[in-house]
Number of protein chains: 2
Amino acid sequence: MTTLKDVARASGVSVMTVSNVINGVPRVGTATRERVLAAIDDLGYEVNLTARRLRAGRSGTVALVVPRVDHPYFGELAARFTDALAPTGRHLVVEQSDASKEGELTALSQARLQQYDGVLLSAVGLQYADVDRLDADLPLVLLGEKPMPPRFDHVSLGNLDGGRLATQHLLARGARRVLMVGGTHGLTDGGMADQRTDGWRSAHRAAGLPVDDSLVLHPAAFEMGLAREAVHDAVAAGLRFDAVFAVTDQVAIGVLAGLRDVGLRVPEDVQVVGFDNLAVSEHLSPALTTVDPSNDVLVMHAVRLLERRMAGAAGDAEHVVTPTRLVERGSTR
Amino acid sequence: MTTLKDVARASGVSVMTVSNVINGVPRVGTATRERVLAAIDDLGYEVNLTARRLRAGRSGTVALVVPRVDHPYFGELAARFTDALAPTGRHLVVEQSDASKEGELTALSQARLQQYDGVLLSAVGLQYADVDRLDADLPLVLLGEKPMPPRFDHVSLGNLDGGRLATQHLLARGARRVLMVGGTHGLTDGGMADQRTDGWRSAHRAAGLPVDDSLVLHPAAFEMGLAREAVHDAVAAGLRFDAVFAVTDQVAIGVLAGLRDVGLRVPEDVQVVGFDNLAVSEHLSPALTTVDPSNDVLVMHAVRLLERRMAGAAGDAEHVVTPTRLVERGSTR
DNA sequence: CCACGATGGTGTATCGATACACCTTCGCGG
DNA sequence: CCGCGAAGGTGTATCGATACACCATCGTGG
């Protein structure tokens, strides 16, 4: 492995001069610079980022911590962040927090996160205490909906509004019994599902309709297969409904499959609304009506806030909630 | 920030003893060990991974480089690798190579990759020369189908077999004009699409049927929206076909949508087969018949080969191709 | 009763790049 | 012709952890 020293020797200057050339410090003469650049090219020298990071403190890298990237929502989010960070000259790496060895949250350890200039941390699946343990002076922006230590900047989606929007839409289209798949009964962790379910409740109240908690189905996880089964079970149990609000598009995909399995037509027999507006949703059969949570706004704010912290700003934490918007497609009338 | 020195001072021992405690070196007395651990706990000390990496060489981290994680195939792959690496005590981070600033392949630079103990590099979207530039002694396993420098271990999917399998299945089910969406005309880069298209050709020849290249549609990218439009255009142009082999499930989703748009029924009018067996595919309407490329086998081999290199093995590079398997669902008869 | 091995612990150089203070040399104004 | 500032360049300490050689103490077998 070639180091600064090798380049210095090869070009007959000191290591500092080589370092200065690499970092574009202007105090190097043109002839010298060229000699050094030639030597770098010659030896195929590349800077050791680990050493630079240790000495200079900066790494040029930002981490995005999400539960798993095989959930399309997080995959799409990661790609958005990558694009948003590219113009700033910083590089994004993705860490998955669900993949813990023996329940240890390795991805979340202070030691690991400290390697980065900044961290975008999706709060989904994390506990308040885990996050509270983190150093306050690590540039960190929280994403997602869980209640989290207020000392951190926090950007979240408009879950309450979105849940209300989705449900209102169904009610306005004539639905009277709106199944909430992936909802929660009462407050659990104050997270995404709680908030979206609250929106569902709130829309019922606003319309002067009763809130029937037996319509709230809570599968063990927000996965397509489980949602599909939940629909089978509900129908088998004789539960009557004329619409479904699925807590995520992912769940909605399972719901659409489940309804098809039991011979119910969408939107004629049952209307369906999702949440997230995944890329795949407009290509489903039928195309999925869904709540668009303005991920672009989320990303924009998160990057802005993180840049501010990385630049050393110490001010109060900012808490942002994105606007939501209903995207009407074929799964509702 | 607290360092080893602080802990040493607080517990009245040398930094080396603290280091030995942290690394579980057995030459530390029980009483001392406990005193040190107490001090660590007290001060909230966490090891500086950057310093450790610089000195000790190891980082405990493996990078997976994929084009983008918003493509479900890569998202699912990343999650699989994360799970496969967890038992080895190593940590996975995901880098995206498509996100280049001004066309620069930052994720692929030697400097960046050298930070990791090992690298799993998806060759999709990379050039031979880019990869050839990399140091041979970096533990690296190539994934994917492009022709790449043979000095690296390389695990790829059985694209040729899979393409043949898919097409054979369609022909066996009575199809006579199989549209290949996302195929290529002749050899382009020897990559995934070329190989799958070859499989399509090969199946035709094996069945004694003519190979009609006008049936090969090549959208600009393997995206749902473009595939959907490609189907519209083909139908509008009067192209006749009774089946579609989509180069990926992602493309197949677009194809299903496109066929629905123009009023063609699947599988009655047109049968469809995809490739990848994404999680979503079994929940589509109709459920998608697809080629399962044994990603678990891919992951297993890749991890095995990488471990071998990280352990210092120097032997010849191994090249593995995974077996493929057809998963029959509702999109074929 | 001494030599020697086991046990427990320490000092120092080092990984590679960079911050910072300092040193030359040269041109030019007074 | 001297002094001073600018331009170009260098030496050294340092970031934090670890490898390695070395040191001290003590128990025990010959």
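Below, read A as the first sequence line, B as the second, and so on, with proteins coming before strands; counting in each chain starts at 1.
Of the possible polar contacts, one joining the R53(B) side chain to the Q115(B) backbone as a donor-acceptor pair under 3.5 Å is found. Looking at D132(B), its side chain never comes within 3.5 Å of a backbone N or O of Y128(B) through a donor-acceptor pair. Checked by atom type and distance alone, the side chain of Q195(A) pairs as donor or acceptor with a backbone atom of E145(A) at under 3.5 Å.
When the P atom of dA17(C) is taken as reference, atom CZ of R53(B) falls 15 Å away, rounded to whole Å. Between R58(B) atom CZ and dG16(D) atom P the separation is 18 Å, expressed in whole Å. The interatomic distance linking K5(A) (NZ) with dA17(C) (C1') rounds to 12 Å, in whole Å. Whole-Å rounding puts the M16(A) CE to dA13(D) P distance at 15 Å. Distance R9(A) CZ to dA17(C) P: 13 Å, rounded to the nearest Å. Taking atom CG of residue L49(A) and atom C1' of nucleotide dC15(C), one finds them 15 Å apart after rounding to whole Å.
Among the nucleotides dT18(D), dC15(C), dG11(D), the one closest to the side chain of S14(A) is dG11(D). Closest contact between the side chain of R55(A) and the listed nucleotides dG16(C), dA21(C), dA17(D) involves dG16(C). Each of dT10(D), dT18(C), dA17(C) was ranked by its minimum atom distance to the side chain of S19(A); first place goes to dT18(C). Taking the side chain of R27(A) as heavy atoms from C-beta on, and the options dG9(C), dG11(D), dA21(C), the nearest nucleotide is dA21(C). For N20(B), the side-chain atoms get nearest to dT10(C) when compared with the rest of dA19(C), dC15(C), dT10(C). Among dT18(D), dC20(C), dG16(C), the nucleotide with an atom closest to any side-chain atom of M1(A) is dG16(C). Closest to the L54(A) side chain, of the nucleotides dT18(D), dT10(D), dC15(D), is dC15(D).
Backbone-only engagement by T3(A) is indicated by non-hydrogen atom pairs under 4.0 Å involving sugar-phosphate atoms exclusively. The residue T32(B) sits close only to the backbone: its heavy atoms come under 4.0 Å of sugar-phosphate atoms, none of a base. R52(A) comes within 4.0 angstrom of the backbone, heavy atoms only, and of no base.
OP1 or OP2 of dG9(D) has not a single side-chain nitrogen or oxygen of T17(A) nearer than 4.0 Å.
Heavy-atom distances to DNA chain D give each of N48(B) and T30(A) a nearest nucleotide, and the one nearer the 5′ end belongs to T30(A). Where R33(B) and L4(A) meet DNA chain C, the nucleotide closest to each residue was compared, and R33(B) sits on the side nearer the 5' end.
Of the listed residues (H301(B), H154(B), R304(B)), just one forms a side-chain hydrogen bond (donor to acceptor under 3.5 Å, both in side chains) with E318(B), and that residue is R304(B).
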H91(A)/E95(B) under side chain to side chain donor-acceptor pair (under 3.5 Å): CA gap, chis, key distance, verdict:
CA-CA 9 Å; H91(A) 188 84; E95(B) 301 236 6; 2.3 Å; yes
